[in-house]
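The block underneath contains the structure these notes are about, expressed in structure tokens.
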2 protein chains.
Amino acid sequence: MGQRPDTGEEDNSDVRRFVERFALALHDAGVPRMPARVFALLLSTDSGRLTASELATGLGVSAAAISGAVRYLVQAGLVIRDRDPGARSDHYRLPGDLWYEVYFQRTPLIEQWERAAAEGVDILGADTPAGQRMQETRAFFAFFRGEMSRVVERWREHREQLRQAGELPG
Amino acid sequence: MGQRPDTGEEDNSDVRRFVERFALALHDAGVPRMPARVFALLLSTDSGRLTASELATGLGVSAAAISGAVRYLVQAGLVIRDRDPGARSDHYRLPGDLWYEVYFQRTPLIEQWERAAAEGVDILGADTPAGQRMQETRAFFAFFRGEMSRVVERWREHREQLRQAGELPG
DNA sequence: CACACGTTTCACGAATTTGTGAAGCAATGG
DNA sequence: CCATTGCTTCACAAATTCGTGAAACGTGTG
């Protein structure tokens with residue numbers, strides 16, 4: 001954890017325990033284990049930006065584990081890979097507008113659910129009780145997808161208010 | 001699948017494929033495999049209510065697998081266990097207001113995330129960049145929890161509109 | 001009351017996920 | 001140009017999850 005001053009074993013141990021705990025919560029939400037740990041570690045660093053080597057050291061795992069994890073996170077849009085000109089190392093960093101991006105990246109997943117439900121209506125029969133329940137399920141996902149867009153826009157507004165009220169750093 | 005007329009192997013096979021597909025989507029969202037399959041099967045039956053034995057037959061698995069799965073779903077509040085007086089079998093059914101209940105049951109999970117983030121602020125230091133990012137994370141979850149309550153209330157209204165417009169069965 | 005039924009629990013094998021060490025590959029820098 | 005660096009890939013072992021069959025348990029019914 002090159003970005004954190006090492007203020008002692010106990011402090012470091014608290015942070016590491018927190019990282020693992022947060023990663024478990026992400027895992028419960030469906031994120032595979034190593035990507036969850038990488039994301040939680042990035043969240044817990046001052047820079048929000050680490051090399052693969054730093055990630056491996058910070059989590060106490062091999063470079064191979066990091067390679068798989070960051071591939072997942074980059075593909076999911078949860079982490080951005082960049083590199084300074086002339087540098088040897090890729091850096092992995094959090095999106096600038098973090099939670100906006102995280103939830104924005106959920107949209108294709110919800111669309112996928114919506115399509116699955118729509119196909120379910122055909123398969124089950126639009127005039128059957130099961131088909132009608134599935135119709136409602138499709139309508140819910142369509143509705144939810146639209147609402148999520150609005151929620152994350154409102155989050156930005158809300159965050160701005162919190163910043164002006166001094167409750168979040170600006 | 002006692003509730004579905006068996007209209008032929010191909011039709012049944014489509015439904016079963018759909019169930020497995022939907023279950024995979026639930027699994028991607030963090031639901032363990034067997035509970036996801038049970039939930040998807042209940043969704044796909046006309047009654048939305050099956051015994052353990054019917055669930056086992058419908059999914060082609062053992063009674064033991066169903067026992068574990070329904071324990072998870074009942075504890076998560078996603079399925080309700082009931083029994084007719086004098087019957088030998090428990091039935092497992094979907095909540096009446098399905099998607100309202102599903103998302104309502106997510107609230108404790110969001111609260112858990114919020115608490116984890118609050119603890120992270122302490123651990124990382126409220127005046128560090130990492131701590132401030134975690135402060136924003138906590139604020140996001142608090143905001144999101146409130147918004148989710150509103151979203152599911154709005155869903156009910158929206159669904160009522162769809163019903164009156166004839167786009168959903170009433 | 002005895003028996004059958006409908007699970008649930010237990011012990012464990014099968015399947016899948018996770019993460020490793022070593023080799024391979026691409027590119028940086030002297 | 002070439003040695004070194006910083007990964008990525010590969011083959012596979014370790015860990016975890018998943019699901020089974022059999023036994024145990026609780027209860028409904030004749």
Side-chain angles (χ1 to χ4, degrees), chain A residues 1-3 16 19-42 49-76 79-93, chain B residues 2 16 19-42 49-76 79-93:
Chain A
M1 318 224 285
Q3 301 294 331
R16 295 192 68 162
V19 168
E20 296 297 336
R21 181 179 173 201
F22 207 81
L24 272 184
L26 289 170
H27 186 57
D28 286 346
V31 181
R33 192 168 315 257
M34 270 316 305
R37 293 173 75 195
V38 166
F39 192 77
L41 180 58
L42 285 170
R49 183 176 189 266
L50 296 174
T51 64
S53 172
E54 286 164 339
L55 288 166
T57 301
L59 293 173
V61 299
S62 69
I66 299 299
S67 182
V70 294
R71 190 193 310 116
Y72 175 96
L73 290 170
V74 170
Q75 280 176 6
V79 160
I80 295 157
R81 180 195 305 249
D82 66 26
R83 182 178 287 214
D84 298 331
R88 284 180 168 268
S89 304
D90 285 339
H91 277 82
Y92 299 94
R93 65 175 172 84
Chain B
R16 295 192 68 165
V19 167
E20 296 297 336
R21 181 180 174 198
F22 207 82
L24 272 184
L26 289 170
H27 186 56
D28 286 346
V31 182
R33 192 169 315 258
M34 272 311 310
R37 291 173 75 196
V38 167
F39 192 76
L41 180 58
L42 284 171
R49 186 176 184 268
L50 296 172
T51 64
S53 171
E54 286 163 339
L55 289 166
T57 302
L59 295 172
V61 298
S62 69
I66 299 298
S67 182
V70 293
R71 188 190 314 115
Y72 174 96
L73 289 170
V74 169
Q75 281 176 5
V79 159
I80 295 158
R81 180 195 304 247
D82 68 26
R83 180 178 287 215
D84 299 330
R88 286 181 164 266
S89 304
D90 285 339
H91 278 81
Y92 299 94
R93 63 175 172 86

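A, B, ... follow the sequence lines: proteins, then strands. Residue 1 opens every chain. All heavy atoms count here, side chains included; hydrogens, waters and symmetry mates do not.
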Mind checking A/S67 for me? I need base, sugar-phosphate or nothing, with any heavy atom below 4.0 Å counting as a touch.
-> base

Looking at D/dA3, C/dT8, C/dG19, which one has an atom nearest to any side-chain atom of B/Y92?
-> C/dT8

For DNA chain C, whose closest nucleotide is more 5', that of A/R88 or that of A/P35?
-> A/P35

Quick note, B/R33 side chain, CB onward, closest among C/dT18, C/dT16, C/dA27 is C/dT16

Give the minimum heavy-atom separation between B/A40 and B/F22, together with the two atoms involved.
-> CB-CB, 4.1 Å

In whole angstrom, give the distance that lies between atom CG of B/D90 and atom P of D/dG28.
-> 10 Å

Name the nucleic acid region contacted by A/G68, choosing base, sugar-phosphate or nothing; use a 4.0 angstrom heavy-atom cut-off, strictly under.
-> nothing

Ignoring hydrogens and angles, tell me if any N or O in the side chain of B/Q75 forms a donor-acceptor pair with the backbone of B/Y72 under 3.5 Å.
-> no

A/D84/A/R49 salt bridge by N-O under 4.0 Å criterion = yes

Could you tell me the separation between the CZ atom of B/R81 and the C1' atom of D/dT27, rounded to a whole number of Å?
-> 14 Å

Take A/H27 and A/A87, find for each the nucleotide of DNA chain C with the closest heavy atom, and name the residue whose nucleotide sits nearer the 5' end.
-> A/H27

Would you kindly give the CG-to-C1' distance between B/L55 and C/dT7, to the nearest whole Å?
-> 12 Å

Does the B/S67 side chain pair with the main chain of B/A63, one donor and one acceptor, at a distance under 3.5 Å?
-> no

Touch class at under 4.0 angstrom, heavy-atom based, for A/H91 against every strand present | nothing

From the candidates D/dT9, D/dA3, C/dT8, the one with an atom nearest any side-chain atom of B/A63 is C/dT8

Under 4.0 Å between a side-chain N or O of A/S89 and OP1 or OP2 of D/dC7?
-> yes

Taking D/dT8, D/dC7, C/dC5 as options, the one with an atom nearest any side-chain atom of A/V70 is D/dT8

Could you state the CG-P distance from B/L59 to D/dC18, rounded to the nearest angstrom?
-> 15 Å

Which nucleotide in C/dG19, D/dG21, D/dG6 has an atom nearest any side-chain atom of B/S62 | D/dG21

When rounded to whole Å, the CD to C1' distance for the pair B/E54 and C/dG6 reads 12 Å

Go through C/dT8, D/dG19, C/dT20 for me and flag the one nearest to the B/R37 side chain.
-> D/dG19

Testing D/dC7, C/dT7, C/dT17 for proximity to the side chain of B/A52, the answer is C/dT7

Using atom CZ of B/R71 as one end and atom P of D/dC18 as the other, report the distance to the nearest whole Å.
-> 13 Å

Out of C/dT18, C/dT28, D/dT8, which has the shortest distance to the side chain of A/P32?
-> C/dT18

Any idea which of D/dG19, D/dT29, D/dC7 is nearest the B/M34 side chain?
-> D/dG19

Search all heavy atoms of B/V38 against all heavy atoms of B/A69 and return the closest pair with its distance.
-> CG2-CB, 3.7 Å

Return the nearest nucleotide to the side chain of B/A64; candidates are C/dT20, D/dG19, D/dA22.
-> D/dA22

Please state how far atom CD1 in A/I66 lies from atom P in C/dG21, giving the value in whole angstrom units.
-> 13 Å

Measure from CG on B/D28 to C1' on C/dT16 and round the result to the nearest Å.
-> 14 Å

Contact summary for B/R37 and B/L59, nearest pair of heavy atoms | NH2-O, 3.3 Å

